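Only one structure is covered here, and it is reproduced in the block below.
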Amino acid sequence: MSVPAPAVSHVALLPDVAHQPAALARPLDWVGMEGIAIPVRVSDGAGGHVQVAAQADLSVDLAQAGERGIHMSRLYLRLQQELARHEVTPAGLRHILQGSVDSQAGLATRARLRLRYEALLLRRALRSDNAGWKRYPVEIEALLEDGHLKLVLGFGLEYSSTCPCSAALSRQANAERFAADFADARPISTGVVRDWLASERGMAATPHAQRSEARVKVELRPQFDELPLVALVDALEAALGTPVQTAVKREDEQAFAELNAANLMFCEDAARRVASVLSADPRIERWDATVSHFESLHPHDAVASVSGRGPAA
């Protein structure tokens, strides 16, 4: 009785030109893909998670000079499997990068991953019992080389900045109008002054304010298990004092105006506030930040940059 020959896999019959020798052979620093569409699970800032759309760049080096190319599909499939199932964490990123190197069967020695997405954080209103979603652009770069993970977290946040100079000039204009309106009034009761302040006459000038942005990039120390995005956003918004709002009723708008009056700042002041937070955070190895005030007085912006290191480990 004859035994039939085993069936030959269709895949095995397909040509694979990647195994051909490389012309002008030499190692390559990075080979991979950019702009991969993928969903990621991230913290929502309220104890839960939310899935958001992301773009990923994933690369490995081609360390073997004579090899024509890497196994690119292996990188893509591993990334899809890992990020679709797990929250983005330092340990998870290390696992993806090590798996990317291992998938190349000796062709690669290091791997790099960049992720770009908009984090959605649920933020409470200032006074009313409301909340709304706020977006924060995030970019993560993870590099695994010689067994060491380098992790850089970048993000942006928006706030309001009211000009201290404009506020001082407005106060002077208000005081001069008060003096003119009450030049002959003696005595003046508190009720009269209050009514005057609440009227249109009580505001001769208003300081200019504008939406502003802080862009932050931090290199994280490897001993921490979570990406501190929410914690850093919370700390920076508290330091700046005037984060832009989501759900707003009249009482929230009044509270926001009061916060602006209590936190007058030039871009230099805002940069120092940001620096005070980042330089004191033990999770941070080094950092740099840029604040931009999108001026309502000028057609150009006011910008300040600052950089430094976290506290000694």
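Every heavy atom of this structure was used, including side-chain atoms; hydrogens, water molecules and symmetry mates were not. It should be emphasised that the depicted structure is a prediction, and the values quoted were computed from it without experimental measurement.
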With distance as the sole test, does Arg273 use its side chain to make a donor-acceptor pair with the main-chain N or O of Ala239 at under 3.5 Å? yes
What I want to check is whether the side chains of Ser128 and Asp252 have a donor and an acceptor closer together than 3.5 Å. yes
Work out which heavy atom in Gln51 is nearest to a heavy atom in Ala84; give both atom names and the distance. NE2-O, 4.4 Å
Taking Asn130 for its side chain and Ala125 for its backbone only, find out whether a donor-acceptor pair lies under 3.5 Å. no
Has the side chain of Ser307 got a donor or acceptor atom that lies under 3.5 Å from a matching backbone atom of Asp288? no
Distance col, row Thr162:OG1 vs Asn263:CG, nearest 0.5 angstrom, shows 8.5 Å
Would you call Glu34 and Arg116 a salt bridge, taking side-chain N to carboxylate O under 4.0 Å as the test? no
Please test Arg41 against Glu87 for salt bridge (Lys or Arg N to Asp or Glu O under 4.0 Å), starting from the C-alpha separation and ending with a verdict. CA-CA 5 Å; Arg41 292 180 67 242; Glu87 182 186 354; 5.4 Å; no
Is any side-chain N of the basic residue among Lys217 and Glu139 closer than 4.0 Å to the acidic one's carboxylate O? no
Around Met33, counting heavy atoms of other residues, nucleotides and ligands shown, do more than 12 lie under 6.0 Å from its CE? yes
In chain order, what residues pass the side-chain hydrogen bond (donor to acceptor under 3.5 Å, both in side chains) check against Arg201, with sequence neighbours excluded? Asp181
Donor-acceptor check, side chain of Asp281 to backbone of Val277, threshold 3.5 angstrom: yes or no? no
Less than 3.5 Å apart, which donor and acceptor atoms pair up between the side chains of residues 100-107 and the rest of the protein, not counting sequence neighbours?
unit_1 : atom_1 : unit_2 : atom_2 : d
Ser100 : OG     : Ile96  : O      : 2.8
Asp102 : OD1    : Gln98  : NE2    : 3.0
Ser103 : OG     : Ser100 : O      : 2.7
Gln104 : OE1    : His71  : N      : 2.7
Gln104 : NE2    : His71  : O      : 3.1

Going by side-chain hydrogen bond (donor to acceptor under 3.5 Å, both in side chains), name the residues that satisfy it together with Trp133, two or more places apart in sequence or in a different chain. none
Asp57 (side chain) donor-acceptor with Gly35 (main chain) under 3.5 angstrom: yes
For Ala271 versus Val306, what's the shortest heavy-atom pair and its separation? O-CG1, 3.8 Å
Please step through salt bridge (Lys or Arg N to Asp or Glu O under 4.0 Å) for the pair Lys150 and Glu285, ending with a clear verdict. CA-CA 10 Å; Lys150 179 181 178 181; Glu285 180 65 33; over 6 Å; no
Tell me the closest heavy-atom pair linking Leu121 and Ser43, and the distance in Å. CD2-O, 3.6 Å
Should we say atom CZ of Arg309 is surrounded by more than 12 heavy atoms from elsewhere, each under 6.0 Å from it? yes
Salt-bridge criterion met for Glu145 and Arg110 (N-O under 4.0 Å): yes
Treating Arg112 as the side-chain partner and Val60 as the backbone partner, does any N or O pair qualify as donor plus acceptor under 3.5 Å? no
With a 4.0 Å cut-off, would you call Glu213 and Arg211 a salt bridge? no
Just by distance, no angles: are the side chains of Ser170 and Thr206 close enough, under 3.5 Å, to form a donor-acceptor pair? no
Could you report the tightest heavy-atom contact between Leu227 and Pro90, atom names first, then the distance? N-CD, 3.8 Å
Can His300 and Glu295 be counted as having a side-chain donor-acceptor contact under 3.5 angstrom? no
Judged by modelled atom types alone, do Thr109 and Asp61 share a side-chain donor-acceptor pair under 3.5 Å? yes
Check the side chains of Gln210 and His208 for a donor-acceptor pair under 3.5 angstrom, ignoring hydrogens and angles. yes
Is it the case that His293 and Ser161 place a side-chain donor and acceptor less than 3.5 Å from each other? yes
Salt bridge check: are Asp234 and Arg123 linked by an N-O gap of less than 4.0 Å? yes
Just by modelled atom types, is the Gln81 backbone N or O under 3.5 Å from a matching donor or acceptor in the Arg85 side chain? yes
Do the side chains of Val230 and Tyr117 join up, straight or via other hydrophobic residues, at under 4.5 Å, putting them in one cluster? yes
Check against side-chain hydrogen bond (donor to acceptor under 3.5 Å, both in side chains), Asn260 and Thr242: CA-CA 6 Å; Asn260 273 268; Thr242 53; 4.9 Å; no
Side chain to side chain contact (heavy atoms under 4.5 Å, CB included) partner of Val40, chosen from Val52, Val138, Val50: Val52
